[in-house]
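Below, all heavy atoms of this structure are taken into account, side chains as well, without hydrogens, waters or symmetry copies. Each chain gets a letter, A, B and so on, in the order its sequence line appears, and its residues count up from 1. On a predicted model such as this, the values are computed, not experimentally measured, just so you know.
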Amino acid sequence: MSFAEVLRFALRGLAANKLRSALTMLGILIGVAAVILLVAVGNGSAQAINERIEALGTNTVTVMSAGRGGSTGPALTEPVADALADPQLAPDVAAVSPVVSAAATLTFAGADHDVNQFVGTTASWFASSNTPVGSGSAFTADDEAQGRRVVVLGRTVAEELFPRADPVGQQVTVGGALFTVTGVLAPKSSTGFQDGNDTAVAPLAAVRQVVTGYGALTSILVRAKSPDRVDAVQAQVATILNQRLAVAAGATAPYRIQNASQLLATQTETADTFTTLLGAVAAISLLVGGIGITNIMLVTVTERTREIGIRKALGAPRRVILTQFLIEATLLSVLGGALGVAAALAGSSFSIVGVQPVIVPSSVGLALGVSIAIGLFFGGLPAARAARLRPIDALRYE
Amino acid sequence: MTRPVLEVRGLRKTYGTGEATVHALRGVSLLVERGDYVAVMGSSGSGKSTLMNILGALDGPGSGTYLLDGVDVSRLADRQLALARNRLIGFIFQAFNLIPRTSALANVELPLAYAGVRPRQRRERAMAALALVGLADRARHEPNQLSGGQQQRVAVARALVTEPALLLADEPTGNLDTRSTADVLEVFDQLSAAGRTIVLITHEPEVGDRAKRLIRLVDGRIVTDVRQSPLDRVPVGARPGRPGR
């Protein structure tokens with residue numbers, strides 16, 4: 001009997017029991033899809049959390065003056081800040097934003113509001129500090145170069161000064177000078193006791209001219225090219241600063257560098273926790289899916305022991321029976337598995353309980369591999385056992 | 001005289017061990033010539049089903065020898081046993097044992113498929129066998145669309161489609177009503193008239209009466225062995241002028 005013939009037998013066997021074949025495939029489909037989707041949901045929430053942590057600014061380093069207002073020793077100045085943007089000495093630095101800040105009073109049409117942090121900086125600060133503009137627009141590098149008096153207000157300031165009107169395009173008075181409002185910052189979650197929305201941001205040159213004067217910088221915000229390069233950036237920044245500020249070896253540096261290493265540690269910890277969780281979820285769903293597949297395969301073959309007896313009585317060699325049942329098990333497992341992957345891929349395009357699932361490729365391979373292996377084993381083993389029985393025993397099997 | 005189709009010597013078979021041992025066969029010797037039509041009768045528990053299963057190579061003989069068409073069946077390996085069941089024996093069960101949800105034609109084709117016959121030839125021979133039992137018009141029906149008698153005739157067609165040396169029937173009319181029984185017995189008569197060797201077991205006297213030779217089995221032993229009509233003659237019930245193949 002040729003293989004093609006046995007294959008036709010197997011197909012006829014599957015077609016003769018459409019409902020049972022469909023149910024078997026459904027069992028495998030659910031097993032595979034459940035594993036892939038659960039892992040994808042876990043992965044998706046892990047990524048969402050990582051993104052949230054990254055939004056807090058894990059990829060920046062802040063350089064601050066250690067002394068009191070630059071009265072002693074060399075201070076952080078604009079040339080120092082410019083020196084940090086050096087592609088040779090500091091290849092991992094993506095952007096450098098010098099920052100001055102002071103308290104100021106903003107006035108508009110008789111209303112006034114005290115701002116704790118009136119920030120003067122460059123255009124790159126918005127991206128580096130993760131402070132997107134909600135309405136209107138940020139100021140540009142050109143505004144900064146021309147020393148134009150423009151300002152972006154924080155949400156609290158905008159609500160205080162312009163309770164009803166749209167602030168964009170209006171002029172507010174700061175320290176006797178008029179600043180044109182170009183935008184309002186998007187609401188920011190407050191960290192600690194400070195209101196993150198009670199701020200205003202204007203070009204460095206304008207702020208120095210009107211509010212702070214031409215002293216030292218308050219701080220320098222340095223953005224790394226990626227979160228895992230932060231430590232490298234910190235080292236590079238330290239090297240350049242030591243050189244520029246002529247710090248002797250062993251002496252206390254006149255500046256200090258803050259980085260987001262604590263946040264990074266949290267992020268890593270979170271990722272580890274999620275990896276463990278994903279592993280557990282995958283293992284449990286594989287176990288459950290596997291038991292389902294085992295169950296339906298055992299029932300299917302046991303139910304057909306009598307049929308195997310009839311076939312043996314008609315002179316079917318063991319090998320032919322075994323091949324037929326293995327082909328049937330293979331087709332069911334592979335088709336069910338493939339449909340399961342398709343279902344999981346389709347399901348992953350929807351967000352599940354607020355999480356956008358992200359498929360982990362290895363979970364697809366694992367789920368498919370384990371399901372097919374289980375299907376083959378538990379479809380093949382009972383069939384092999386039944387094919388080895390004497391026909392009379394197989395026929396009497398209830 | 002040609003060699004016998006079936007030759008059994010000193011066949012014994014026991015089930016269970018110790019005090020629960022059941023002696024199903026206690027030394028059965030039997031010789032069946034080509035063309036004979038043998039009915040084995042006996043009450044339930046007489047060992048006739050055990051004998052049938054051994055003759056059909058569905059069960060192994062306990063002790064003793066069993067020569068089927070000159071081949072010692074007890075010495076065959078699994079592969080060769082499958083071959084013997086396929087080529088030498090056509091078995092008809094009391095419970096029909098057709099493959100469910102599979103057409104009558106496909107059921108009859110099955111032994112030919114295992115014998116490696118090409119699909120086209122297979123179909124022709126299966127159709128011929130179905131025509132022989134009078135069911136050519138039911139070829140596309142599945143077992144659950146056929147009456148008991150029709151199912152048993154399909155089973156008969158399946159048993160004889162490979163042209164086996166021996167047709168074995170285990171209470172072929174046990175599950176059938178009177179009319180279906182008559183239909184099936186008529187098929188057997190025709191087959192016997194056509195020169196087939198048939199061994200069947202039954203507990204119905206009217207079935208045993210039609211055979212050429214009647215064997216009675218009691219407690220695992222043959223007690224009577226009566227020739228009811230000559231070996232080379234058409235059996236009593238067969239209608240002349242309608243020979244089989």
Notebook entry, point to check: Which distance, rounded to the nearest 0.5 Å, do you find between the CG of B:L25 and the NZ of B:K48?
Noted result: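 Those atoms lie 12.0 Å apart.
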Name the region of [X], side chain, backbone, both or neither, that has any atom closer than 4.5 Å to a heavy atom of chain A.
{"X": "B:P164", "answer": "neither"}
{"X": "B:R87", "answer": "neither"}
{"X": "B:N53", "answer": "side chain"}
{"X": "B:L98", "answer": "backbone"}

Check: How about B:Y114 and A:R311: does a side-chain donor come under 3.5 Å of a side-chain acceptor?
Finding: yes
Check: Is it true that the side chains of B:T102 and B:E142 contain a donor and an acceptor less than 3.5 Å apart?
Finding: no
Next item on the list: Anything in residues 70-79 of chain B with a heavy-atom distance to chain A below 4.5 Å? Please list those residues in order.
Entry: B:D78, B:R79
Check: Heavy-atom distance under 4.5 Å to chain B: side chain of A:R8, backbone, both or neither?
Finding: side chain
Contact between [X] and [Y] at the side-chain level, heavy atoms closer than 4.5 Å - yes or no?
{"X": "B:T14", "Y": "B:V22", "result": "no"}
{"X": "B:L130", "Y": "B:R158", "result": "no"}
{"X": "B:L167", "Y": "B:T197", "result": "no"}
{"X": "B:F91", "Y": "B:M52", "result": "yes"}

Notebook entry, point to check: Counting only N and O atoms by type, is there a donor-acceptor contact under 3.5 Å from the side chain of B:E7 to the main-chain atoms of B:L67?
Noted result: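 Not confirmed, B:E7 side chain does not pair with B:L67 backbone.
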Margin query: Looking at B:G60, is its backbone amide N or carbonyl O close enough to the side chain of B:K13 to form a donor-acceptor pair, meaning the two atoms are under 3.5 Å apart?
Written below: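 Checked: pair present.
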Next item on the list: Name, in order of residue number, those residues of residues 16-25 of chain A that have a heavy atom at a distance of less than 4.5 Å from a heavy atom in chain B; otherwise write 'none'.
Entry: A:A16, A:N17
Note to self: Let's go through B:Q94 and B:N175 carefully: what are the C-alpha distance in whole Å and the side-chain angles of both, what is the deciding distance for side chain to side chain donor-acceptor pair (under 3.5 Å) to 0.1 Å, and is it a yes or a no?
What the structure shows: CA-CA 7 Å; B:Q94 179 177 0; B:N175 285 6; 3.1 Å; yes
Note to self: Name the residue from B:I215, B:L51, B:V40 that meets the side-chain contact (heavy atoms from CB on, under 4.5 Å) definition with B:I222.
What the structure shows: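 Single side-chain contact (heavy atoms from CB on, under 4.5 Å) partner of B:I222 among B:I215, B:L51, B:V40: B:I215.
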Next item on the list: Take B:E124 and B:R122 through the test salt bridge (charged side-chain N to carboxylate O under 4.0 Å, His left out) and record every step on the way to the result.
Entry: CA-CA 5 Å; B:E124 285 168 12; B:R122 203 155 79 196; over 6 Å; no
